[in-house]
Amino acid sequence: MTQRAASNKCGERLAGTVIAAHGRHYLVAPDDGSPMLQCFPRGKKSDVAVGDRIGYEQQSADQGVIVEIGERRNLLYRSDQFKSKLFAANLDQLLIVLATEPHFSEDLLGRALIAAEAHGLEPLIVLNKIDVESALPLARERLASYRALGYTVIELSAKMQPGDVHPQLDALLKDRSTILLGQSGMGKSTLVNILVPDADAATREISTALNSGRHTTTFTRLYHLPAGGSLIDSPGFQEFGLHHLTEGQLERAFADFRPFLGHCRFYNCHHLQEPGCAVLEAVEAGAIRPERHALYAQLVHEASQIVR
């Protein structure tokens, strides 16, 4: 955009999508196809997420001020031991990348599935590195109960058989907004580089734009997929923020709990130690895995520790 074109737009309310975030720095792709620009929220509060539709006022050729956040279909939070922070909005599905090795965290998988269920997202599980045949049987065994609950599990080897990635994933990702999650070592970066051929160049460009030339990889960013749709990647992502969910939202987010909800002796049952609890009876009968109930109890406990 020329300086004259930018000056013509100054003060005018424009629309765009937030494609990257780092601190209070947000990179916005304008709806009119103009070059992306760095935007800042008006005031001290920073409640903008990647994937947000926003209204902004242009201040110069490459900077603007966010003045409005559009209505969101959903909003995901990331969490540490002190607080939850919003980070991605307007999603359709959640793609969880696991691997045969190193050993993946079932706790993180469980929390990711709860976040997907609670926010109306389609969860997809990718089991990567299936070429490591010695570790494959155990990985499949650990995922068998999730398959039984109806979750989609896709097996592939992104590094050794990259040609299988597009045939297995393209139709599932096309024209949808997908958040990508994976622990370190699961092969998430390899997968991103296959799905988004210019991902490295795009990351460098975004990094420069966000930090005035200083390189960083610790930011959430949105990639547009060649066949349509978008992929949001958030490096270093360890845990979803689930503290904002009510107990009712939490219990309904457990797919294996749902058939038993409403059948407890007490209408306000917490499913922890109450007599006549249908959920606890299902655990005892083997219809719900004890590990799943333990995760529920842990999430209820964590939510009770947060000062609201």
Please tell me if the side chains of Asn128 and Leu191 come closer than 4.5 Å, counting only heavy atoms from C-beta onward.
no
Within the structure provided, determine whether His103 and Arg142 are in side-chain contact (heavy-atom separation under 4.5 Å).
yes
Shared ILVMFWY cluster between Val97 and Phe87, side chains joined below 4.5 angstrom?
yes
Find out if a path of hydrophobic residues (ILVMFWY) with successive side-chain heavy-atom gaps under 4.5 Å connects Val28 to Phe40.
no
For Leu295 and Phe254: C-alpha separation, side-chain torsions, deciding distance, then whether side-chain contact (heavy atoms from CB on, under 4.5 Å) applies.
CA-CA 10 Å; Leu295 174 60; Phe254 280 78; 4.1 Å; yes
Check: Arg73 and Asp92 side chains under 4.5 Å, non-hydrogen atoms:
yes
Distance (rounded to the nearest 0.5 Å) between Cys39 SG and Asp62 CG:
10.0 Å
State yes or no: do Val165 and Leu225 share one hydrophobic cluster built from I, L, V, M, F, W and Y residues joined by side-chain heavy-atom distances below 4.5 Å, directly or via other members?
yes
Under 3.5 Å donor-acceptor, Thr100 side chain and Lys129 backbone:
yes
Ignoring hydrogens and geometry, is there a side-chain-to-backbone donor-acceptor pair from Gln58 to Ser60 under 3.5 Å?
yes
Tyr146 side chain reached by Arg292 side chain, heavy atoms, under 4.5 Å
yes
Is any side-chain N of the basic residue among Asp170 and Lys174 closer than 4.0 Å to the acidic one's carboxylate O?
no
Using only atom types and a distance under 3.5 Å, with no angle test, would you say the side chain of His22 pairs donor to acceptor with the backbone of Leu27?
no
So, Asp52 side chain and Ile54 main chain: donor-acceptor pair closer than 3.5 Å or not?
no
If the threshold is 4.0 Å, N to carboxylate O, is there a salt bridge linking Arg176 and Glu122?
no
To the nearest 0.5 Å, how far apart are CD1 in Ile179 and OG1 in Thr220?
7.0 Å
Option passing side-chain contact (heavy atoms from CB on, under 4.5 Å) with Ile232 (candidates Thr178, Leu94, Val50):
Val50
Between Arg289 and Asp256, does any NZ, NE, NH1 or NH2 come within less than 4.0 Å of an OD or OE carboxylate oxygen?
no
CG (Leu121) and CG (Leu95) are apart, to the nearest 0.5 Å, by 12.0 Å
Checking the side chain of Gln249 only, and the main-chain atoms of Thr246 only, is there a donor and an acceptor separated by less than 3.5 Å?
yes
Side-chain heavy atoms of Phe266 within contact of Pro275, under 4.5 Å
yes
Are Leu149 and Ile96 connected in a single hydrophobic cluster, I mean Ile/Leu/Val/Met/Phe/Trp/Tyr linked by side-chain heavy atoms less than 4.5 Å apart?
yes
State plainly whether one hydrophobic cluster holds both Val279 and Leu272, where clusters connect Ile, Leu, Val, Met, Phe, Trp and Tyr through side-chain heavy atoms under 4.5 angstrom apart.
yes
Find the distance between CD (Glu247) and CZ (Arg252) and round it off to the nearest 0.5 Å.
10.5 Å
How far does CD1 of Ile125 sit from CG of Leu109, to the nearest 0.5 angstrom?
5.0 Å
Between Gln93 and Leu172, what is the shortest heavy-atom contact and its length?
NE2-O, 2.7 Å
Can a side-chain donor-acceptor contact be found between Ser105 and Asp107 if the only test is distance below 3.5 angstrom?
no
Heavy-atom side-chain proximity of His293 to Leu280 below 4.5 angstrom:
yes
If you apply the rule side-chain contact (heavy atoms from CB on, under 4.5 Å), what do you find for Leu299 with Arg111, and how did you get there?
CA-CA 9 Å; Leu299 292 175; Arg111 290 169 184 264; 3.3 Å; yes
Between Gln161 and Leu156, does the side-chain contact (heavy atoms from CB on, under 4.5 Å) criterion hold? Intermediate values first, please.
CA-CA 7 Å; Gln161 297 174 307; Leu156 50 80; over 6 Å; no
Pair Glu68, Arg13 - check side-chain contact (heavy atoms from CB on, under 4.5 Å), show working.
CA-CA 9 Å; Glu68 181 183 20; Arg13 180 165 297 194; 3.1 Å; yes
Reported CD-to-NE2 distance for the pair Gln38 and His25, which is rounded to 0.5 angstrom:
5.5 Å
Between His271 and Tyr296, how do the two ring planes meet: parallel, tilted or perpendicular, split at 30° and 60°?
tilted
Can you tell whether the side chains of Arg53 and Asp31 come within less than 4.0 Å, N to carboxylate O?
yes
Would you call Tyr223 and Leu180 a side-chain contact if the rule is heavy atoms closer than 4.5 Å?
no
Among Asn90, Leu231, Leu91, Asn74, exactly one meets side-chain contact (heavy atoms from CB on, under 4.5 Å) together with Ser177. Which residue is that?
Leu91
